[in-house]
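Below: one structure, written as C-alpha cells.
The model shown is predicted, which means the values in this text are computed figures rather than measured ones. Counting begins at 1 with the first residue of the sequence.
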Amino acid sequence: MKPGLESLNSLGRDEAAAQLLKCCGSSRWAERMAALRPFKGMDELLEAADRVWSELETRDWLEAFSSHPKIGERKAALAQSAEAARWSEQEQAGTRDAAQGSLLELAALNRVYEERFGFIYIVCATGRTTEELLALLRERLSNDVETELRVAAREQQRITRLRLGKLFEE
C-alpha cells in the first residue's frame with residue numbers, strides 16, 4: 001500500500017524522513033524534505049525535491065550516490081530499504097538479460113569510472129538497455145570531475161523524481 005502524500009504529511013518528522021530516504025539516499029535531503037511538509041500535491045513535492053537537491057553540498061550528493069548499487073550489480077555500498085533495493089532492480093531491468101561480455105565490460109568500466117571520479121556511475125537506468133548504459137558510461141568518462149559530478153547529480157535527481165512518483169503517487 002502506498003503511503004500517499006496525506007500519510008506522509010501526517011507522519012512524525014523522523015518517520016517521514018525515513019520514507020523519503022527510500023527515494024534519495026541523502027539523509028540531509030530527506031530531513032529537509034520532511035521539514036517542508038505538508039505538501040499539497042505531487043507538483044509541490046517534486047518542486048521541493050528539486051530545490052532541496054540543488055541546495056545540497058557535494059558530500060550530500062555523494063551520500064545519495066552510494067545508496068545505489070553499481071549499474072549491473074544488485075547491492076549498494078550503503079544499506080538500502082527493501083523497497084529501494086527492489087526499485088534499483090526494476091530500474092536496472094535492462095541489464096538482466098545482457099550478454100556476459102557486456103556485463104564484464106560494464107563492471108570493468110564501472111571500476112575505471114569510480115577510480116577516475118571517486119564515486120560510482122550514477123545514471124537513470126529506467127528503460128535503458130545495457131548497450132545504452134555502456135555508451136553513456138563511455139561518453140561520460142571523457143568529462144572532467146566537476147562536470148561529471150553535475151551530470152551524476154542530475155541523474156540522481158531524475159531517479160529521485162521517479163521514486164517519489166512510485167512511493168507517493170496519488
**Asked** CG/L20 to CD/E15 distance, rounded to the nearest 0.5 angstrom?
**Response** 12.0 Å
**Asked** Within the side chain of W53, is there an N or O that forms a donor-acceptor pair under 3.5 Å with the backbone of A153?
**Response** yes
**Asked** Can you tell me how far the CG atom of L45 sits from the CG atom of D50, to the nearest 0.5 Å?
**Response** 9.5 Å
**Prompt:** Should R158 and T126 count as side-chain neighbours, where that means a heavy-atom distance under 4.5 Å?
**Reply:** no
**Asked** Between Q156 and T160, is any side-chain donor less than 3.5 angstrom from a side-chain acceptor?
**Response** yes
**Message:** Any salt bridge linking R116 with E148? Criterion: basic side-chain nitrogen under 4.0 Å from a carboxylate oxygen.
**Reply:** no
**Request:** Side-chain contact test, heavy atoms from C-beta onward, threshold under 4.5 Å: evaluate it for R28 versus E57 and give yes or no.
**Result:** yes
**Complete:** The reported gap from CD in Q157 to SG in C124 (rounded to nearest 0.5 angstrom) is 11.0 Å
**Which residues share a side chain to side chain donor-acceptor pair (under 3.5 Å) with E132, sequence neighbours left out** = T129
**Item:** Lys/Arg-Asp/Glu bridge criterion (N-O < 4.0 Å) met for R150, E146
**Value:** yes
**Request:** Check whether more than 12 heavy atoms from other residues, nucleotides or ligands sit under 6.0 Å from atom CZ of R138, and answer yes or no.
**Result:** yes
**Message:** I'd like to know if the side chain of R37 and the backbone of A34 have a donor-acceptor N/O pair within less than 3.5 Å.
**Reply:** yes
**Request:** Report yes or no: do V151 and I120 belong to one cluster of Ile/Leu/Val/Met/Phe/Trp/Tyr joined by side chain heavy-atom distances under 4.5 Å?
**Result:** no
**Message:** Using side-chain heavy atoms (C-beta onward) and a distance below 4.5 Å, is L56 in contact with R32?
**Reply:** yes
**Message:** If I take atom CG from residue L62 and atom OG from residue S26, how far apart are they, to the nearest 0.5 angstrom?
**Reply:** 10.0 Å
**Asked** Atom SG of C24 and atom CH2 of W61: how far apart are they, to the nearest 0.5 Å?
**Response** 11.5 Å
**Prompt:** Quick check: does any side chain N or O of Y121 sit under 3.5 Å from a backbone N or O of L136, one acting as donor and the other as acceptor?
**Reply:** no
**Message:** Using side-chain heavy atoms (C-beta onward) and a distance below 4.5 Å, is E155 in contact with R140?
**Reply:** yes
**Asked** Given side chains that start at C-beta, do those of L137 and V123 come closer than 4.5 Å, heavy atoms only?
**Response** no
**Item:** Nearest-0.5 Å distance that lies between atom CZ in R111 and atom CG in L106
**Value:** 10.0 Å
**Message:** Tell me whether W29 contacts the main-chain N or O of A49 through its side chain, where contact means a donor paired with an acceptor under 3.5 Å.
**Reply:** yes
**Nearest atoms (heavy-atom pairs only) where S66 meets E63** = OG-O, 2.8 Å
**Request:** Side-chain contact test, heavy atoms from C-beta onward, threshold under 4.5 Å: evaluate it for L149 versus F65 and give yes or no.
**Result:** yes
**Request:** Evaluate the ring planes of Y113 and F119, with Trp represented by its six-membered ring, and classify them as parallel (under 30°), tilted (30 to 60°) or perpendicular (over 60°).
**Result:** perpendicular
**Message:** Walk me through whether L36 and R51 qualify under side chain to side chain contact (heavy atoms under 4.5 Å, CB included).
**Reply:** CA-CA 11 Å; L36 290 173; R51 185 179 66 256; 3.7 Å; yes
**Message:** Let's go through L167 and R163 carefully: what are the C-alpha distance in whole Å and the side-chain angles of both, what is the deciding distance for side chain to side chain contact (heavy atoms under 4.5 Å, CB included) to 0.1 Å, and is it a yes or a no?
**Reply:** CA-CA 6 Å; L167 190 61; R163 289 181 174 191; over 6 Å; no
**Prompt:** Does the side chain of L141 reach to within under 4.5 Å of the side chain of F117, using non-hydrogen atoms?
**Reply:** yes
**Prompt:** Can you tell me if E44 uses its side chain to pair, donor with acceptor, with the backbone of K40 under 3.5 Å?
**Reply:** yes
**Complete:** side chain to side chain contact (heavy atoms under 4.5 Å, CB included) filter on E139, not counting sequence neighbours, yields none
**Message:** Is there a side-chain contact between F168 and Q19 in this structure, where contact means two heavy atoms from C-beta onward sitting under 4.5 Å apart?
**Reply:** yes
**Prompt:** Counting heavy atoms not belonging to D43, are there more than 12 under 6.0 Å from its CG?
**Reply:** no
**Request:** Verify the neighbour count for atom CD of E47: are there more than 12 heavy atoms of other residues, nucleotides or ligands below 6.0 Å?
**Result:** no
